[in-house]
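Proteins come first, then strands; the chains are lettered A, B, ... in the order of their sequence lines, and each starts at number 1.
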Amino acid sequence: MSVASPVLGAFAADRDALDLLASRRLASCNFAVAIAAFGLGALMAVMQALARADLPVWFSSPAVYYLSVTAHGVLMALVFTTFFIMGLGYLLMRRAFGGLEWETLGWVSFWTAVFGTVMTTLAILSGTSTVLYTFYPPLEAHPTFYIGATLLVVGSWLWCAVMIRTWLVWRRTHQEPMPLAAHGILTTVVIWVLATSGLAAEVLGQLIPWSLGWVETIDPIVARTWFWWFGHPLTYFWLVPAYVVWYTILPRVAGGLLFSDKLGRVVFVMFILFSTPVGFHHQFVDPGVHAGWKLVHTFTTYAILYPSLVTAFTIIASLEVAGRMRGGKGLFGWLRTLPWRDPLFSGVALAMLTFAIGGFGGAINAAYAMNTVVHNTAWIQGHFHLTVGTAVTLTFMGATYWFLPKLTGRRLALRPLATWQPYVWFGGMMLFSLTSHATGLMGQPRRVFSSSYFGDEVAGSWRLLTGMSAAGGVVLFVSSLMFLAVVVATWRWGRPVTEAAELEIEFAAALDPLPERRPVWDRIGLWALIAVVLVIAAYAKPIYDLLSLERYGSLPFRPF
Amino acid sequence: MHVDLYERIWMWAASAMIALFLAVVAFSAATQAVHPPGEVETIDPLQVRIQGEFAAPGVHRGPGGETTVVVVAEMFRFEPSVIRVPAGEKVTFRVTSPDVLHGFQVVGTNANVMVAPGYVSEFSLTFPEPGEHLVVCNEYCGLSHHLMSGKLIVEEAR
Ligand code: HEM
Ligand SMILES: [Cu+2]
Ligand SMILES: [Cu+2]
């Protein structure tokens, strides 16, 4: 992540290489903020894991715990992911289209988002905004919490503009299908714009005016409805970039070919269509929303399982192709020849394995009869640490090992740490998350500083498992430190790369031939339009119904 | 569009699986009345403790013998904090909050609902066995959220 051009040793005289690295600086800066946010979030996480197991942590108290969970949720789920995805967008789109348009706007985006992030983080650390990363009113944070978050999102919108502009300019002179990676990044952009329209309605329409005292009251159910309009596609905003890595980078690193480029495009289009009209599955047990609409959103929720199932086949088939090209034989022999010591490969492979478990849990959450058993229990926390906390995060960590030399001009340092880090994370997360699933089924709520409940017997029966979960948290923390050590050591002290090829970004070639003219799947605008229609169909009536009730707003509360 | 044979089989299998999920949901909704709670009823949070049923929370028996449990969830307690209900009978819960969001979850049962100021949450349930259950708030509501709890005691059928 060097800002000054790195020393390239014998290779330093090569102007092309230096220019290449300089052209990736915007991506580097976004990645640097993402990784810093991750480090801070990981630091808070250990304390939380220990506290909620009722283990003595001398610096912990309810005030510290809930402040920390707020900071951890915001830094991990919103800051780390958003900056990382923006960095990935710059890196891959520049490669896919041979350049970026409006790069200056990219820098405006970066500084706006950084400014907003600092503002929100300070609001949280000052103790005036302990509202958790879901900030459900009528809990009221300091206005700078909401304004900072808004600036982060505004920054990300400017990033969207850079991505779209780059694509449109390229398309003027090209008839062929765009590279699959670009297709995936544009899918991410569309999902993000759809998602954040709901967030904007909540934050600009309700929260900011209310927290500034311009209006006295707020409707918490309307706010939750806007929030989950945003909240579910948010998860696909995280996931689709991870899929981009699975489809376009993993097969190449594994030494094989992408099994089907075409199906990748179909999968991305399905995400554009179905990621947003599903939000009521987070509100199954909310008052104020008719059961019929909850049922409608259940149907669309199951539809969105489909593209992930197709992805599972395509990626595993691609890996089999790779394994056989490397000489693997037999029904499962090809698995052994895969590059399990390459941290991009192992990170992504373990991420996929974790996602299979997480996806299974997700199908359970979506059935509302089962949802009542797990809603707001520790099960949920176990679930999203498998999905965003591992399937996405471990993919991003693997991707970091892959692009770090291409951004810094230095080879990975502390290579053994990098090799083992994904495995340690996987082990820690299984311990942390599977035990959380279990205590959730036994009734332990999520987001609790302590779960002793005045010595209640049933609560006592969670103790052993929460203790194991805390141990998992410690292992995860160790893994986080390994990751950060590799990043910092590479950036500061890595040995310079010596060959131009080490700086190249190469996408996986596909097994199926690409058509000469762009297929209908590449018509992102068309799909976005259909998605808007679906969102309106899923939300217009229930929101209208909600707004036409005789409603009484809520005054603000700050019980922290 | 050409798709590899095995992948095509997989895609059909995936479609079939999703269709099966949906059929189960639709079937149980249509024939066994398995619905998510969908009570649409508003209330002035400032009046909760002052007038109406929530001014006197507790377990009430209606003229037809039906049991209704009226609960106020507030920072950081439930009222009533100990709820006694008969086993083997349908019990209807009505819950609201005068302040922030809360959760009302009876550990070891299917009772689990969000509680929001300005709205009334309602659901019905039958507890088959006598016994004692922990009641917890499962939505963050402030610094004593983890202390907000109560008891639900299921008594022998009358
Ligand atoms: C370093 C390893 C990690 C550990 C030990 C860890 C641990 C925890 C713990 C103990 C909680 C609080 C649970 C509760 O009280 O309900 C939590 C919450 C959370 N974590 Fe992590 N976590 C880790 C990494 C991550 C990552 C990588 C992400 C996402 C990218 C993530 C996202 C979240 C979110 C969104 C919450 C929810 C906060 C809330 O309920 O308001 N975590 N984590
Ligand atoms: Cu969701
Ligand atoms: Cu609470």
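For A/Pro137, the part lying near chain B is the backbone, with the side chain staying farther off; criterion is any non-hydrogen pair under 4.5 Å. For A/Ser451, no part lies under 4.5 angstrom from a heavy atom of chain B. The part of B/Val120 that comes within reach of chain A is its backbone (N, CA, C, O), which places non-hydrogen atoms under 4.5 angstrom from that chain. When heavy atoms are compared at a cutoff of 4.5 Å, A/Leu549 approaches chain B solely by way of its side chain, counted from C-beta outward. Contacts between A/Tyr66 and chain B at a heavy-atom distance below 4.5 Å involve the side chain alone, from C-beta outward. Residue contact with chain B, scored on non-hydrogen atoms closer than 4.5 Å, involves the side chain of A/Leu555 exclusively. Neither the backbone nor the side chain of A/Val69 comes within contact range of chain B; no heavy atoms are under 4.5 Å apart. Contact annotation for B/Glu41: neither backbone nor side-chain heavy atoms come within less than 4.5 Å of a heavy atom of chain A. Residue A/Leu295 touches chain B through its side chain alone, counting heavy-atom pairs closer than 4.5 Å. The contact between A/Val289 and chain B is made entirely by backbone atoms, counting heavy-atom distances below 4.5 Å. Contacts between B/Ile43 and chain A at a heavy-atom distance below 4.5 Å involve the backbone alone (N, CA, C, O). Contacts between A/Thr377 and chain B at a heavy-atom distance below 4.5 Å involve the side chain alone, from C-beta outward. Residue contact with chain B, scored on non-hydrogen atoms closer than 4.5 Å, involves the side chain of A/Phe259 exclusively. With a 4.5 Å cut-off on non-hydrogen atoms, B/Met75 touches chain A through its side chain but not through its backbone. Residue contact with chain B, scored on non-hydrogen atoms closer than 4.5 Å, involves the side chain of A/Arg224 exclusively. Of the two parts of A/Asp545, neither the backbone nor the side chain holds a non-hydrogen atom closer than 4.5 Å to a non-hydrogen atom of chain B.
Of the listed residues A/Phe313, A/Phe560, A/Phe449, A/Tyr306, the one with more heavy-atom pairs under 4.5 angstrom with chain B than any other is A/Phe313. The choice from B/Ser144, B/Ala19, B/Ser121 that makes the most heavy-atom pairs within less than 4.5 Å of chain A is B/Ser121. In terms of non-hydrogen atom pairs under 4.5 Å with chain A, the most contact-rich of B/Val113, B/Leu22, B/Asn110 is B/Leu22. Per-residue counts of heavy-atom pairs under 4.5 Å with chain A were compared for B/Met148, B/Lys151, B/Gln47, B/Glu139; the largest is that of B/Glu139. Ranked by heavy-atom pairs under 4.5 Å with chain B, the list A/Thr298, A/Asp219, A/Leu546, A/Leu441 is led by A/Asp219. Listed options A/Pro445, A/Pro287, A/Pro220 were ranked by heavy-atom pairs under 4.5 angstrom with chain B; first place goes to A/Pro287. Chain B forms the most heavy-atom pairs under 4.5 Å with one residue out of A/Leu139, A/Val458, A/Val373, and that residue is A/Leu139. No other option in B/Gly118, B/Ser15, B/Gly108 has as many heavy-atom pairs under 4.5 Å with chain A as B/Ser15.
Minimum heavy-atom separation, A/Tyr302 to B/Ile18: O-CD1, 3.5 Å. Heavy-atom minimum distance, A/Tyr136 versus B/Leu101: CB-CD1, 3.5 Å. When all heavy atoms of B/Tyr140 and A/Thr130 are compared, the pair lying nearest together is OH-O, 2.8 Å. Heavy atoms only, all atoms of each residue included: B/Phe76 and A/Pro559 are closest at CZ-CB, 4.0 Å. B/Val107 approaches A/Met442 most closely through the heavy-atom pair CG1-O, 3.5 Å. Heavy atoms only, all atoms of each residue included: B/Ser149 and A/Tyr453 are closest at CB-CD2, 3.6 Å.
Counting only distance, with no hydrogens or angles, the side chain of B/Thr42 and the backbone of A/Glu550 share a donor-acceptor pair below 3.5 Å. In terms of modelled atom types and a separation under 3.5 Å, the side chain of A/Asn376 and the main chain of B/Asn138 share a donor-acceptor contact. Between the B/Asn112 side chain and the A/His375 main chain, a donor and an acceptor come within less than 3.5 Å of each other. In this structure, the side chain of B/Trp10 engages the main chain of A/Leu309 through a donor-acceptor pair within 3.5 Å. No donor-acceptor distance shorter than 3.5 angstrom exists from the side chain of B/His145 to the backbone of A/Val448, with no hydrogens or angles considered.
Residues B/Glu7 and A/Ser260 bring no donor and acceptor atom of their side chains to less than 3.5 Å of each other.
Atom CG in B/Leu147 sits 7.5 Å away from atom OG in A/Ser452 (nearest 0.5 Å). Rounding to the nearest 0.5 Å places CZ of A/Phe557 at 7.5 Å from OG of B/Ser97. Between the OH atom in B/Tyr119 and the CG atom in A/Asp286 there is a gap of 10.0 Å [rounded to 0.5 Å].
Listed by sequence position, B/Leu134, B/Val136, B/Cys137 are the residues of residues 128-137 of chain B in contact with chain A, using a 4.5 angstrom heavy-atom cutoff. For residues 77-85 of chain B, heavy-atom neighbours of chain A at less than 4.5 Å comprise no residues at all.
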Using the side chain to side chain contact (heavy atoms under 4.5 Å, CB included) rule, take A/Leu305 and B/Phe21 through it: C-alpha gap first, then chi angles, then the decisive distance, then the call. CA-CA 11 Å; A/Leu305 272 180; B/Phe21 277 141; 4.1 Å; yes

